[in-house]
Protein chains: 2
Amino acid sequence: MLKKERHAFIMHQLNLHNKVLSNDLCQIMEVSEDTIRRDLQELSAAEKLIKVHGGALSLSFSEVQFSTDHLYSPEKKRIIAEKAVSLVENGMFVLTGGGTTIVEMAKVLPPQLRATFITGSIPAVNEYLKHPSIDVVMIGDKILKDSKITCGSEAISKIRQLNADICFLGINAIDSKSGVTENDWEVANLKREMIEASKKVVCLSISEKLNSSQPLRICGLEKITHLITELPPDDKRLNDYHKAGVIVL
Amino acid sequence: MLKKERHAFIMHQLNLHNKVLSNDLCQIMEVSEDTIRRDLQELSAAEKLIKVHGGALSLSFSEVQFSTDHLYSPEKKRIIAEKAVSLVENGMFVLTGGGTTIVEMAKVLPPQLRATFITGSIPAVNEYLKHPSIDVVMIGDKILKDSKITCGSEAISKIRQLNADICFLGINAIDSKSGVTENDWEVANLKREMIEASKKVVCLSISEKLNSSQPLRICGLEKITHLITELPPDDKRLNDYHKAGVIVL
DNA sequence: TAAATAGCTGCAAAAAACCGCACAAACTCT
DNA sequence: AGAGTTTGTGCGGTTTTTTGCAGCTATTTA
C-alpha cells in the first residue's frame with residue numbers, strides 16, 4: 001500500500017470515527033508500527049490531525065471539545081436564547097426551568113415585555129428580577145444545592161395547580177427514540193410536571209446534546225411542541241424531530 | 001479510551017453539569033481511580049477545571065461562586081450579624097426575613113453549621129446557597145421586585161404550616177410603645193405570620209431605628225424574645241426593651 | 001474519636017514512541 | 001542505460017509514557 005493511499009485511508013477513517021488507533025491501522029494496512037507512526041507524524045505536521053499517544057484524533061474533535069474554555073459555548077446558547085424569546089408574548093404566563101441556557105434567555109428578554117415568569121430556579125430568578133416590567137413568581141420548596149432549583153413535593157403540587165401558556169426547559173439529552181431524558185431523579189420529576197402544566201413545551205438544547213440519552217425518561221417527543229438549537233432549522237441533524245411533529249426553530 | 005478522549009469527556013461532563021465525581025468517571029470510562037486522579041491533576045494544572053476532594057468543578061461555576069461582588073458591609077450590621085449567629089444551633093429550623101442585615105448574617109454563618117434555613121428572600125437565599133452544609137428552603141410566591149422577597153397568600157399559608165425554632169427579622173422601626181412597625185402592607189403581613197410561626201423571635205436593628213415608628217403595626221414587644229443592635233447590651237438606649245422583658249444582646 | 005473514603009508516593013509492567021541503521025525502491029542526471 | 005541520490009520501509013534496541021497496584025497519609029463523616 002502506497003504512502004499516499006495510507007494517508008487518504010487514515011483521513012477517511014478519521015472523518016468517520018473522529019479517532020484512529022495506531023494498532024488498528026498497522027493491522028488493517030499490514031505495515032509496521034513505525035510506518036504508521038511516521039504517517040501520523042507527517043499528517044500531524046501538516047495539521048491534518050492531532051497525534052496522541054496510541055493513535056490520532058480528528059481536528060473537529062479538538063475544536064468542539066476544547067475551543068469553548070470558559071462558559072460553555074455561550075455564543076450557541078445566546079443564539080438559542082434569541083430564538084426562544086421570540087415565542088414569548090405580552091401577557092403570557094411562562095414557566096421555566098433552570099440551567100445556563102434559561103439564564104441566557106432571561107438576559108435577552110426584551111425590556112418592554114410584560115409577562116409573568118414562574119420558576120423554581122434561583123439563578124433564573126436573579127436574572128428575571130433585573131427586568132423592569134415582568135412579574136416573577138417563585139416556586140417554593142427545599143433547594144437542591146447543586147442545581148440551585150427548588151425541588152420536592154411542595155414544588156410539584158404547586159406546578160400541578162398551574163396552567164401556563166408556555167414552558168421553557170433546558171434539557172440534558174434528547175433523542176428521537178428515547179425522547180427527553182435526564183440523569184437526576186428529582187429534576188426529572190419536576191420537568192415532567194412542568195410539561196404537563198403547560199400548553200406549549202419548548203425544549204432548548206445545544207446540538208451536542210441531540211441524539212444522546214440518559215437513564216431517566218421525562219417524556220416522548222409527542223409532548224414537545226418546539227425544539228430550539230443553535231442550528232438552522234433545516235439542518236439534517238434535526239430531521240428526526242421534524243418528522244416527529246416537533247416545531248424546530 | 002485515549003487520554004485526550006478522557007480529558008475531552010471530563011470537560012464535556014463538567015460543562016454540562018458543572019461538577020464531576022471521580023468515582024462516576026472511573027466507572028463510566030472503565031479505568032482505575034488513579035488514572036482519573038491523574039487526569040484531573042493534569043487538567044487542573046492546565047487550569048481547565050478546579051480539583052476538589054472527590055472530583056472537580058468547572059471554572060465557570062467557581063467564578064460564579066467566588067465572584068467578588070463584595071458589597072460594602074457597614075460595621076454596624078456586621079456586629080449585629082455576629083451576635084445573631086450565636087443564637088443558631090445545629091439542627092435548628094431557622095426562619096428568616098430579608099434585608100441587608102439578614103444577608104450580613106448569612107455571610108457569617110459558621111461553615112460547619114448544620115441547620116435548615118427557610119426564607120422568602122432572594123438575596124438571602126443567594127447567600128445561604130454558598131454555605132457548604134445548611135439546607136435551604138424557599139418560600140414560594142410572587143416576588144416583590146423592590147424588596148426581592150416572595151409575598152402573597154401562598155407564602156403566608158406556607159408560613160402558617162411552619163413551627164420554626166427561631167425567626168430572624170431585620171426590622172425598620174421599633175419602639176417600646178408601638179412595638180415593631182413597618183411601612184409596607186405586604187411585608188407587614190408576612191412578618192406577622194413569621195413571628196407567629198416561630199418559638200423564638202429575634203429582631204435585628206441598627207440603633208438609629210430604635211424608638212421610631214411607622215404606620216403599620218406588626219406586633220408588640222411581648223412577642224419579641226431577642227433584640228440585637230450594634231450597641232453593647234447595657235447601653236441606656238436599650239433600657240426600655242430590657243424592662244419589657246426582651247433579651248437584649 | 002474511629003471508621004471510611006480519597007489522595008499521594010513509589011514501583012513495576014506494558015505499551016507506545018523514538019533512534020539509528022540497513023536495505024530496497026524510485027528518481028535523477030549525465 | 002547506469003551510477004548516484006533520494007525516499008520509503010522494516011528491524012532491533014532504548015527511552016518515554018501510561019497505567020494499575022500496594023502501602024501509607026490525609027481528609028471527611030458518622
Side-chain angles (χ1 to χ4, degrees), chain A residues 1-11 13-14 17-58 61-62 65-66 144-146, chain B residues 1-11 13-14 17-58 61-62 65 88-92 109-116 130-136:
Chain A
M1 202 172 206
L2 263 38
K3 188 165 147 183
K4 274 265 169 66
E5 283 183 282
R6 288 199 311 273
H7 285 199
F9 181 80
I10 291 171
M11 290 313 296
Q13 290 294 106
L14 219 42
H17 308 115
N18 280 332
K19 157 180 147 179
V20 289
L21 300 178
S22 305
N23 251 328
D24 296 354
L25 288 176
C26 63
Q27 280 183 24
I28 293 172
M29 297 200 267
E30 294 178 341
V31 290
S32 74
E33 292 175 30
D34 294 73
T35 302
I36 293 300
R37 189 174 49 73
R38 281 186 277 242
D39 285 341
L40 294 183
Q41 256 175 351
E42 286 174 34
L43 289 168
S44 170
E47 298 192 350
K48 301 268 188 177
L49 51 75
I50 296 170
K51 205 159 92 71
V52 297
H53 203 93
L57 301 171
S58 84
F61 181 85
S62 80
Q65 304 297 343
F66 289 112
L144 284 184
K145 281 226 176 149
D146 47 0
Chain B
M1 203 170 201
L2 265 36
K3 188 166 145 181
K4 261 250 170 76
E5 280 186 288
R6 287 198 312 271
H7 286 196
F9 181 81
I10 291 170
M11 290 312 295
Q13 290 294 108
L14 216 44
H17 306 117
N18 280 332
K19 163 179 133 181
V20 289
L21 301 177
S22 305
N23 252 330
D24 296 354
L25 289 175
C26 64
Q27 279 184 23
I28 293 171
M29 298 201 264
E30 295 178 342
V31 290
S32 73
E33 293 172 30
D34 295 72
T35 302
I36 292 299
R37 189 173 48 71
R38 281 186 278 239
D39 284 341
L40 294 182
Q41 259 175 347
E42 286 174 35
L43 289 168
S44 169
E47 297 193 351
K48 298 266 186 178
L49 51 75
I50 292 172
K51 206 157 90 71
V52 296
H53 203 92
L57 301 173
S58 86
F61 181 79
S62 77
Q65 280 295 72
V88 183
E89 295 164 22
N90 276 328
M92 271 188 167
L109 289 173
Q112 78 285 2
L113 177 68
R114 294 190 155 272
T116 303
K130 293 177 187 170
H131 191 282
S133 54
I134 63 173
D135 285 338
V136 189

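Chain identifiers are assigned alphabetically (A, B, ...) following the order of the sequence lines, protein sequences preceding nucleic acid strands; residue numbering begins at 1 within each chain.
Nearest approach of A:Ala56 to A:Leu14, heavy atoms of both residues: O-CD1, 3.8 Å. Residue B:Glu89 comes nearest to B:Ala115 through the heavy atom pair O-CB, 4.2 Å, listed as atom of the first residue, atom of the second, then distance. Closest approach of B:Leu40 and B:Leu49 over heavy atoms only: O-CD1, 3.8 Å. A:Ile10 approaches A:Val20 most closely through the heavy-atom pair O-CG1, 4.3 Å. Looking at every heavy atom in both residues, A:Ser58 comes nearest to A:Ile50 through O-CD1, 4.2 Å.
B:Lys4 places its NZ atom 17 Å from the P atom of C:dA16, with the value rounded to the nearest Å. One atom, CG of A:Asp39, and another, C1' of D:dT7, lie 13 Å apart when rounded to the nearest Å. Atom CD in A:Glu42 sits roughly 11 Å away from atom P in D:dT7 (whole-Å rounding). Residue B:Arg114 contributes atom CZ, which lies 7 Å from atom P of D:dT29 at whole-angstrom precision. The interatomic distance linking B:Ile36 (CD1) with D:dT18 (C1') rounds to 13 Å, in whole Å. Here C:dA26 presents its P atom at 14 Å from NZ of A:Lys3, a figure rounded to the nearest Å. Look at CG on A:Asp34: it is 12 Å from C1' on D:dG13, rounded to the nearest Å. For the pair B:Leu21 CG and C:dG7 P, the interatomic distance rounds to 10 Å; values are reported in whole Å.
Closest to the side chain of A:Arg38, from the set D:dG10, D:dT19, D:dG8, is D:dG10. For B:His53, taking side-chain heavy atoms from C-beta onward, the closest of the listed nucleotides D:dT28, D:dT19, C:dC19 is D:dT28. Comparing D:dT9, C:dG10, C:dC18 by their nearest atom to the side chain of A:Lys51 picks out C:dC18.
Within the helix from C:dT1-D:dA30 to C:dT30-D:dA1, the inter-axis angle between the opening and closing five-pair segments is 40°, rounded to 10°.
In terms of phosphate contacts, B:Asn23 brings a side-chain nitrogen or oxygen within less than 4.0 Å of OP1 or OP2 of C:dA6. Phosphate proximity of C:dG7 to B:Gln41: absent, as no side-chain N or O sits under 4.0 Å from OP1 or OP2. Not one side-chain nitrogen or oxygen of B:Ser32 sits closer than 4.0 Å to the OP1 or OP2 atom of D:dC21. Note on A:Thr35: a side-chain N or O is less than 4.0 Å away from OP1 or OP2 of D:dG10.
Residue A:Glu33 places its CD atom among 12 or fewer non-hydrogen atoms of other residues, nucleotides or ligands, all under 6.0 Å distant.
Across all strands, A:Arg6 comes closer than 4.0 Å only to sugar-phosphate atoms, never to a base (heavy-atom distances).
No option in A:Lys51, A:Arg6, A:Lys48 other than A:Lys48 meets the side-chain contact (heavy atoms from CB on, under 4.5 Å) test with A:Leu43.
Judged by distance alone, with hydrogens and angles left aside, B:Arg37 brings no side-chain donor or acceptor close enough to the base of D:dG20 to form a pair under 3.5 Å.
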